[in-house]
**Q** 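Before I ask anything, here is the structure I am working with.
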Amino acid sequence: MEMAQLGPGQRSAALEAMAATEHQVVVVGGGVVGAGIALDAATRGLTVGLVEARDFAAGTSSRSSKLIHGGLRYLEQLNFGLVREALTERSLLLRLIAPHLVRPVSFLFPLTHRVWERAYVGAGVGLYDTLALSLGQPRGLPAHRHLTRRGALRLAPALSRTAFTGAVQYWDALVDDARFVLTLVRTAATYGAHVASRAQVVGFLREGARVTGVRVRDLETGADTEIRAQQVVNATGVWTDDIQALVGGRGMINVRPSKGVHLLVPHDRIHSSTGIITRTPVSVLFVIPWGRHWIIGTTDTDWSLDKADPAASRADIDYLLGRVNAVLAVPLTHDDVEGVYAGLRPLLSGESDVTSRLSREHVVAQPVPGLVMIAGGKYTTYRVMARDAVDAVAHSLDGKVPPSCTDAVPLAGADGYPALWNSRARLAAASGLHVARIEHLLRRFGSLAEEVLALISSRADLGRPLSGADDYLRAEVVYACTHEGARHLDDVLARRTHVSIETADRGVSAAAQTAELMAGALGWDAGQTAREIEYYSKHIEAERASQEMESDMAADAIRLGAPEIVPAADSVR
Ligand SMILES: Cc1cc2nc3c(=O)[nH]c(=O)nc-3n(C[C@H](O)[C@H](O)[C@H](O)COP(=O)(O)OP(=O)(O)OC[C@H]3O[C@@H](n4cnc5c(N)ncnc54)[C@H](O)[C@@H]3O)c2cc1C
């Protein structure tokens, strides 16, 4: 099956197609949930449109802990159903849906109380593994194991020997969250969905009480278009309240944003061959292996300021350093921190009876005919959320809609991935690239790495590393524009790649070359190219300054001083 190309002309064609004919479903929000809904609906044979106000995954879905996990904490709450559901999804993602983007990761849980804690944690992860096995499929991940202090120190010499008495090691999975969403969007487009970024819903079309479509502003041109739909599905995460305000009447879903901050430190600052998880007074702290870095997170605090780009404060960074240093032999300092990102959890609060809470984590509501709202949940269970939302749509559509089949739909790049992975030495020899580069490409594009390699064979300069961010090849920037819907510098540096959090200067020195490559692919003139670099650099400057501020309020004010290159209308700020 030929995968859809999200090139420069595709977006306007999609907006035109959406405006031209009524679609059965129009989805608002291009995070993991909205993208998952678009794929679920398209693979049931429905006509689908998807509009995203900024870049795909620019909201919470590029700012998570990047774990596909069952949620050990639900075991403590004895919520086995929820853990089973998430472990089923983990297994599907690892094996069939996205083996190129989701991979196993191990965590060491250091114990501080000799007897009861080992029994308690051991029973928890034992049950976790057993639940995974009881799904009737091979687990796909090694089982947990108990370690003495000495055994744990062999795996993680960075741990302070006085901070723990022994450990338990267990396995979960890790995902490149922004790439996963983009891949979902591309797969949905392959099955016929019309998808457009920088297209914001600014109003609803009505026939009496019924919602009959949306008014969409093309943020690149400022033009408004009416898009008609038999059913509109709202999947805007922490913006759910804003959408409810646009619809009018009393909102049915209450979403409370909670801020979570992560730090990135270079891999050599923590000597360990495994991830680490420790308890904090409110939750847990993860140290997660991420290429040449560790991701350390997260915080959990209420947030009522700017939702588009929540700011991390110095207090957030101090908190995380304090927590991780409690278990490390050599403490980390502010100088070790290369990247910082903050995201907002769409937590549900105070639901009214009219919503059907399909699990403890997410809700689906139909406040007026023609509109389905879905909110809450977590990344891991996006597919279940998407299925539940499209089931609600199907219920209201005339005619029979088949059940969800996304448990049998591999995402773009999944088909053929294992065979190509096994052939990486041959691919390296044929392309003249080092095998490590081929592995990097396969882990990011799956079997579509062949398209990137074809680009390199037609233009040798694209096979060179990107200067200022040499983990990536120049071809990846061009491919992001021609195949992956990237339209602005930040799309490439923050989401198609992760240069903005993986380099010490946060992508500033890679910005010029990236913009130049994008200019060639997207037809920018010198003025546009300079503007992109200027906006990006100012954004990073403001981000750094905000991270020196003690309070959320002061950090937010500084961050807002550097506007986005394509600002959204008020309702998405
Ligand atoms: C710190 C943190 C760590 C997390 N870690 C994990 C984890 O490890 N594992 C896990 O399973 N889950 C995790 N989660 C939860 C998970 O990330 C979220 O549940 C999930 O990403 C939410 O996706 P979403 O699609 O609902 O929202 P979003 O990704 O925010 O998508 C909503 C989209 O709607 C768009 N939008 C808003 N208004 C409009 C409009 N008017 N018109 C058009 N578009 C609009 C926004 O721009 C946005 O892109 C974490 C969350 C946080 C914050």
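Source: prediction; values computed, not measured. Sequential numbering from 1 along the given sequence is applied to the chain's residues.
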**Q** Could you note down all residue pairs passing ring pair (Phe, Tyr, Trp, His ring centres under 6.0 Å) where residues 278-302 supplies at least one of them, sequence neighbours left out?
**A**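 Pairs touching residues 278-302 that pass the test: Phe107-Phe286, His267-Trp294, Trp290-His498.
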**Q** Will you find, in the side chains of Thr274 and Ser106, an N or O donor that is under 3.5 Å from an N or O acceptor?
**A**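 Their side chains do contain a donor-acceptor pair, which is all the 3.5 Å distance test asks for.
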**Q** When rounded to the nearest 0.5 angstrom, what distance separates OG in Ser500 from CZ in Arg495?
**A**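 It is 8.0 Å, given to the nearest 0.5 Å.
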**Q** Evaluate whether atom NE2 of His334 has more than 12 neighbouring non-hydrogen atoms of other residues, nucleotides or ligands under 6.0 angstrom away.
**A**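 Yes, because the 6.0 Å sphere around NE2 of His334 holds more than 12 heavy atoms from other groups.
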**Q** Would you say the side-chain atoms of Arg149 and Thr165 include a donor-acceptor pair closer than 3.5 Å?
**A**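 Thr165 and Arg149 do not have a side-chain donor-acceptor pair below 3.5 Å.
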**Q** Under 3.5 Å, is there a donor-acceptor pair between the Glu89 and Thr380 side chains?
**A**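 Glu89 vs Thr380: no donor-acceptor pair found between side chains.
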**Q** Look at the side chain of Glu548 and the backbone N and O of Ala545, then say whether any donor-acceptor pair between them is shorter than 3.5 Å.
**A**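 Side chain of Glu548 to backbone of Ala545: no pair is present.
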**Q** Would you please say whether a donor-acceptor pair under 3.5 Å links the side chains of Ser404 and Thr406?
**A**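 Distance-only check passes for Ser404 and Thr406.
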**Q** Does any donor atom in the side chain of Arg559 or Ser546 lie under 3.5 Å from an acceptor atom in the other side chain?
**A**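 Result is no, nothing qualifies.
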**Q** Might you work through the side-chain contact (heavy atoms from CB on, under 4.5 Å) test for Arg161 and Arg150, ending with a clear yes or no?
**A** CA-CA 9 Å; Arg161 28 182 336 110; Arg150 194 195 288 173; over 6 Å; no
**Q** Parallel, tilted or perpendicular: which one describes the rings of His146 and His144, with boundaries at 30° and 60°?
**A**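 Aromatic pair His146/His144 classed perpendicular.
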**Q** Just wondering, do Leu332 and Ile296 contact through their side chains at under 4.5 Å, heavy atoms?
**A**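 Contact flag for Ile296/Leu332 side chains = yes.
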**Q** Using 30° and 60° as the class boundaries, would you call the ring planes of Tyr472 and His440 parallel, tilted or perpendicular?
**A**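 Tyr472 and His440: perpendicular rings.
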**Q** Evaluate the side-chain proximity of Arg506 to Ile501: yes if any heavy-atom separation is below 4.5 Å, no if none is.
**A**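 Not in contact.
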**Q** Checking the side chain of Ser447 only, and the main-chain atoms of Gly413 only, is there a donor and an acceptor separated by less than 3.5 Å?
**A**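 It does hold such a pair.
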**Q** For a quick check under 3.5 Å, do Ser160 and Thr162 share a side-chain donor-acceptor pair by atom type?
**A**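 Side chains of Ser160 and Thr162: pair found under 3.5 Å.
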**Q** For Asp388 and His362, does a side-chain donor sit closer than 3.5 Å to a side-chain acceptor?
**A**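 There is such a pair (donor and acceptor under 3.5 Å, judged by atom type) between the side chains of Asp388 and His362.
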**Q** Compare all side-chain heavy atoms of Leu67 with those of Val175 and state whether any distance is below 4.5 angstrom.
**A**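 A side-chain contact under 4.5 Å is absent here.
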**Q** In the structure I gave you, are the side-chain heavy atoms of Arg424 and Leu420 within less than 4.5 Å of one another anywhere?
**A**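 SC-SC contact between Arg424 and Leu420 ruled out.
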**Q** Checking Arg44 side chain against Cys405 main chain: does a donor-acceptor pair fall under 3.5 Å?
**A**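 No.
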**Q** Heavy atoms, side chains only, cut-off 4.5 Å: are Asp177 and Val32 in contact?
**A**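 Not in contact.
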**Q** For Tyr319, is the NZ or CZ atom of Lys259 found under 6.0 angstrom from the centre of its six-membered ring and inside 45 degrees of the ring axis?
**A**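 Pair Lys259/Tyr319 does not count as cation-pi.
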